[in-house]
Amino acid sequence: MSKIVKLRKGFDLKLVGKAPLELSNLAGAQTFAIKPTDFPGIQRPKVLVNEGDTVKAGTPILIDKAMDQVIYAAPVSGEIIEVKRGEKRKLLEIKILADSAISHENFGKIDLNQPAEAIASKLAASGVWPNIIQRPYGVVANPADTPKAIYVSGFDTHPLAPDYGFALQGEEKYFQAGIDALAKLTPGKVHLNLDGSKSAPAVFSGVKNAQINQFSGPHPAGNVGVQIHHLDPINKGDLVWTVNPYGVVQIGKAVLEGVYDASKTIALTGSELTKTGYVKTYVGANVSSYVKGNLNSGHVRVISGNVLTGEKINLDGYLGFYHNQITVIPEGDYEEFLGWLKPSTSKLSFHKAIGMLSFLHKGEFKVDTNTHGEERPFVVSGVFEKVLPMDILPTYLFKAIHAEDFDEMEELGLYEIIEEDVALCEFVDPSKNELQELVRHGIELLMYS
Amino acid sequence: MKALQNLFDSIKPNFEKGGKWEKFYTLYEGHRTIVFAPDLTTKAKGAQIKDATDLKRVMITVVIAMIPALLFGILNIGHQHFLATGEEVGFMDKALFGAMSVLPILIVSYAVGLLTEFTFCVIRNHPISEGYLVSGMLIALVMPPYIPLWQVALATIFAVVIGKEVFGGTGMNILNVAMTARAFLYFAYPAQISGDQVWTYLGEKTAVDGFSGATALAVAYNAGVEGTPAVEALNTHNSAFGGDFSFMNMFLGWIPGSIGETSTLMALVGAVILIATGVASWKIIVGGFSGAFAMGLLMNALAVNEYMAMPAHYHLVMGGLAFGVVFMATDPVSAAQTEAGKWIYGILIGVLTVIIRVTNPAYPEGIMLAVLFMNVMAPLIDYYVVKANKTRRLQRATV
């Protein structure tokens with residue numbers, strides 16, 4: 001039974017710098033990197049290659065010793081040029097200089113008539129597995145588990161997010177194969193959740209073997225966690241998996257071609273890019289060739305991902321494993337005379353407190369990284385509830401995590417959310433608390449103790 | 001602006017670690033962030049942009065919403081004074097007289113309160129919070145015009161220290177700070193904050209013959225005791241001097257009372273600002289008024305004396321109900337914080353106010369005690385709302 005869900009709560013951030021639906025002709029990236037820090041569940045990362053080694057796309061370069069059947073593979077073929085470590089030898093980046101023509105490890109096509117365990121172990125050894133995320137906790141799934149259901153969100157409502165219909169055009173065959181493979185891995189259903197306000201793009205329109213649900217409403221309607229909450233909420237003891245459509249396509253390619261094809265079309269967005277658009281590249285691409293020489297101003301922040309859940313990277317940093325867009329916005333390290341009092345229509349705000357006239361603003365907002373205020377205890381109540389379309393009491397959940405009260409965290413629904421679900425809460429919070437960090441802290445408490 | 005920034009920059013080393021005023025860094029930071037919104041940027045991970053609204057803007061919104069009540073209060077203090085002394089004067093004289101009696105109270109409230117707050121911030125090394133912007137104004141508005149300034153200072157210190165700082169500062173308090181200040185005076189110095197003599201500021205002069213300084217609530221209460229119809233008693237009160245308690249006079253606020261509380265109209269103007277800006281919960285405000293009205297109707301139905309028989313809508317314009325419901329009950333920290341809880345909390349404040357007014361001879365005004373009592377009860381209300389949420393989640397799991 002497919003479901004149609006209309007959500008009212010939430011907030012759409014309309015920002016300057018949307019990518020037009022066309023491929024940009026910018027030069028491609030030369031180097032690529034896998035960052036263990038992109039995978040919050042990784043416990044004991046171990047590098048399998050040394051500097052100077054040559055690898056093919058799909059060669060294992062990293063494993064988590066706590067779950068060693070899942071490999072993290074090189075996205076491109078080439079030479080390992082650096083294994084970068086930080087303080088206390090923490091592993092930060094494994095950089096690869098790509099060959100001009102990418103060659104792949106071939107591990108053979110995957111026969112979907114095998115038992116689920118065999119398919120899972122094949123996928124785990126192929127490099128595509130880290131695309132499968134487990135809920136609760138939002139960490140890479142364990143191939144030995146059997147999920148109750150698998151969820152794929154077919155649209156992204158984050159600010160300036162890529163249009164999946166455009167980015168995945170022509171991948172219909174692989175997407176269907178990916179869905180077929182996932183359907184083998186669960187005794188339940190594979191749910192494909194589409195934007196109810198639009199007609200389905202080609203890549204999703206003819207999909208079989210999955211339950212199609214429709215969601216409409218403001219962000220976070222596209223968040224898979226919100227969708228799960230309205231389809232079949234996660235209770236204590238439940239285990240479900242989620243996969244992004246990019247990941248489904250990669251899985252499909254592993255099934256049909258027997259290779260780890262990490263290519264993806266990402267969106268270049270944000271007010272500070274002269275030329276926005278889409279580029280074809282690979283997982284973990286170095287962003288410098290897309291950013292340098294393409295900037296409107298000198299003092300910018302390059303974000304891997306979107307402005308709500310992304311991560312700050314350097315001008316020559318690398319795209320995160322799960323990120324499908326780059327956003328470039330101005331840095332906000334300036335003081336503003338009476339900035340807390342001045343009326344303004346051009347500043348983006350969810351609130352309508354005195355002088356905040358952004359509701360009068362027509363069109364898109366240009367935003368920067370200024371926090372617009374300092375961190376304070378929770379004072380205002382009822383705000384988080386307006387942007388979280390779930391039957392969850394966010395303020396009480398956050399307080400339970402602050403207090404490290406395990407029973408409360410469980411009972412108030414920490415199993416149902418990960419960072420991205422509270423990103424809007426973090427944005428609208430007038431007390432400027434770091435709520436995504438807080439939620440991850442709570443999840444780690446539940447996971448590891 | 002550059003010059004001001006340079007001035008701040010030049011004194012900054014003194015406040016940094018190792019500087020001679022290192023301990024006072026929080027004061028430096030507090031003042032700089034008032035003049036300039038800080039140059040802080042978002043962290044490397046997490047939301048990369050933040051909403052342009054901060055707590056300072058939320059708080060100043062509340063202060064602005066109280067300004068109509070303050071201005072009307074100033075005018076009314078002058079009006080009541082000249083009414084009592086029997087002098088005929090113009091608008092400016094009334095306003096000037098009112099300002100002379102109100103501004104010192106306002107200044108003492110802010111000065112003493114901020115000093116107390118700063119002291120705590122320095123001792124405990126936490127940032128100066130903007131909560132007192134609102135509390136300082138509220139404390140002044142709930143004082144009678146006749147109050148000695150040293151009592152204002154004492155009440156302010158008590159409210160800030162015992163009402164707020166001992167719990168950890170802004171955002172942590174259980175009781176509304178301004179109501180704590182008023183309750184402190186009410187119980188510590190009842191002579192200066194209750195009775196018939198304190199609501200009209202006479203200064204050196206004496207009232208004209210036959211003038212009564214009683215408040216509308218006292219008049220209505222006495223009507224109940226004496227058995228005269230309450231509305232008639234209100235309408236004839238001081239009517240010889242043009243100071244009667246007709247419904248319209250009470251709604252507009254031309255009656256004696258605390259500085260900011262008398263005008264229901266001005267409280268409603270504030271309510272419109274607070275609701276339109278989304279700063280206060282409309283559920284609490286609507287709940288408060290409807291609770292009081294419903295309880296008034298119930299009193300009518302059960303009436304055994306004339307006060308109980310007074311039309312229910314009179315309760316909404318008498319005393320400090322409107323001011324309390326709009327500005328005190330909606331304090332987000334001490335109110336219920338769940339959406340369902342806000343309804344219950346608001347309605348019960350209205351209900352309790354009327355019960356205390358009508359049935360309790362010791363406290364003619366009920367809103368203060370109703371708000372404080374419901375402040376204490378708010379966590380309990382929330383506890384059950386939260387429990388219902390948990391139960392829903394638990395039941396789902398076993399299905």
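Predicted, not measured: the structure shown is a model, and the values here were computed from it. By convention in this document, chain letters (A, B, ...) are assigned in the order of the sequence lines, proteins followed by strands, and residues within each chain are numbered from 1.
For chain A, the nearby part of B:Ala276 is the backbone; its heavy atoms alone come within less than 4.5 Å. With a 4.5 Å cut-off on non-hydrogen atoms, B:Glu339 touches chain A through its side chain but not through its backbone. Only the side chain of B:Val279 comes within less than 4.5 Å of a heavy atom in chain A; its backbone stays farther off. B:Ile64 touches chain A through its side chain: at least one heavy atom from C-beta onward sits under 4.5 Å away, while N, CA, C and O do not. Both the backbone and the side chain of B:Lys43 come within contact range of chain A, with heavy atoms under 4.5 Å apart.
Of the N and O atoms on the side chains of B:Asp39 and A:Asn370, not one donor lies less than 3.5 Å from an acceptor on the other residue.
Side chain of A:Gln436 to backbone of B:Lys45: no donor-acceptor contact under 3.5 angstrom is found. Here the side chain of B:Asp51 pairs a donor or acceptor atom with the backbone of A:Phe350 at under 3.5 angstrom. B:Thr61 places a side-chain N or O within donor-acceptor distance of the main-chain N or O of A:Ile354, the cut-off being under 3.5 Å. The backbone N or O of B:Ala47 sits less than 3.5 Å from a side-chain atom of A:Glu426, completing a donor-acceptor pair. No donor-acceptor distance shorter than 3.5 angstrom exists from the side chain of A:Arg301 to the backbone of B:Ala44, with no hydrogens or angles considered. No donor-acceptor pair closer than 3.5 Å links the side chain of A:Arg376 to the backbone N or O of B:Leu55. Checked by atom type and distance alone, the side chain of A:Trp340 pairs as donor or acceptor with a backbone atom of B:Ile34 at under 3.5 Å. For the pair B:Arg57 (side chain) and A:Gly339 (backbone), a donor-acceptor distance under 3.5 Å is present.
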